[in-house]
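Take a look at the structure set out below.
Order of the sequence lines fixes the chain letters, A, B, ..., with proteins taken first and strands second; residue numbering starts at 1 for each chain.
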Amino acid sequence: MNLFRLAGDLSHLLAIIILLIKIWKTRSCAGLSGKSQILFALVYITRYLDLVTTYISLYNSFMKVIFISTSLATIYLMYSKFRATYDKNHDSFRIEFLIIPCVILSLVINSNFTVLEVLWTFSIYLESVAILPQLFLVSKTGEAESITSHYLFALGSYRALYILNWIYRYYAEGHYELIAIFAGCVQTILYCDFFYLYVTKVLKGKKLQLPA
Amino acid sequence: ELKLVQKDEL
């Protein structure tokens with residue numbers, strides 16, 4: 001565990017907390033993509049199956065349980081409790097266009113052809129693109145509430161911090177995982193446009209509004 | 001035989 005890794009995990013946790021607070025306090029999930037949340041739940045469930053096979057540390061198991069349970073809670077809030085506020089018409093990204101290529105890619109490019117390993121690889125690939133329905137929703141409505149922008153910023157920062165962690169681990173421990181590094185870079189690049197808007201607009205007190 | 005690196009990251 002190094003500082004970048006810890007900061008990345010905390011940023012990830014913060015993103016999830018911001019999201020739940022936003023939904024709970026405003027009693028609304030307007031502006032949020034339920035499809036991205038379904039993809040994230042799928043990511044955590046397929047990645048953390050090793051919860052039952054391998055014990056790494058209390059920290060590791062605790063975070064895995066938190067990520068799985070909070071993502072399921074978010075889906076429950078969006079699709080059941082606050083369903084009336086869910087922006088279904090704007091959330092029209094076709095997630096099968098992301099899931100199917102990730103399934104194929106994980107079957108072809110993986111480090112070991114076993115069930116757990118292929119599912120882990122699938123989750124890494126899927127995570128890198130899971131935010132696309134949310135970014136698509138923002139671009140479709142042309143704006144995002146500040147709290148949604150903070151959520152996206154924390155979520156995007158998490159993988160960017162992981163990249164620093166991977167660089168550190170490569171030099172300090174000789175440890176590297178090419179699949180995760182490649183997908184993590186793709187994931188971070190997808191946020192770049194948003195990061196730019198966040199720094200130039202939201203941090204200056206303006207609403208995140210896309211140019212017409 | 002390939003030895004898998006333990007996945008300690010999240």
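The nearest pair of heavy atoms linking B:Leu10 to A:Tyr48 is C-OH, 3.2 Å. Of all the heavy atoms in A:Ile56 and B:Lys7, the pair that sits closest is CD1-O, 2.9 Å.
By the 6.0 Å contact criterion, OH on A:Tyr59 is enclosed, its count of non-hydrogen atoms from other residues, nucleotides or ligands being greater than 12. Within 6.0 Å of atom OH in A:Tyr168, 12 or fewer heavy atoms from other residues, nucleotides or ligands are found, so the atom counts as exposed in its surroundings.
To the nearest 0.5 Å, atom CZ of residue A:Arg169 and atom CG of residue B:Asp8 are 4.0 Å apart.
At a heavy-atom separation below 4.5 angstrom, chain B is approached by A:Met63, A:Lys64, A:Phe67 within residues 63-82 of chain A.
Side-chain atoms of B:Glu9 and A:Asn60 form no donor-acceptor pair, as typed in the model, at a separation below 3.5 Å.
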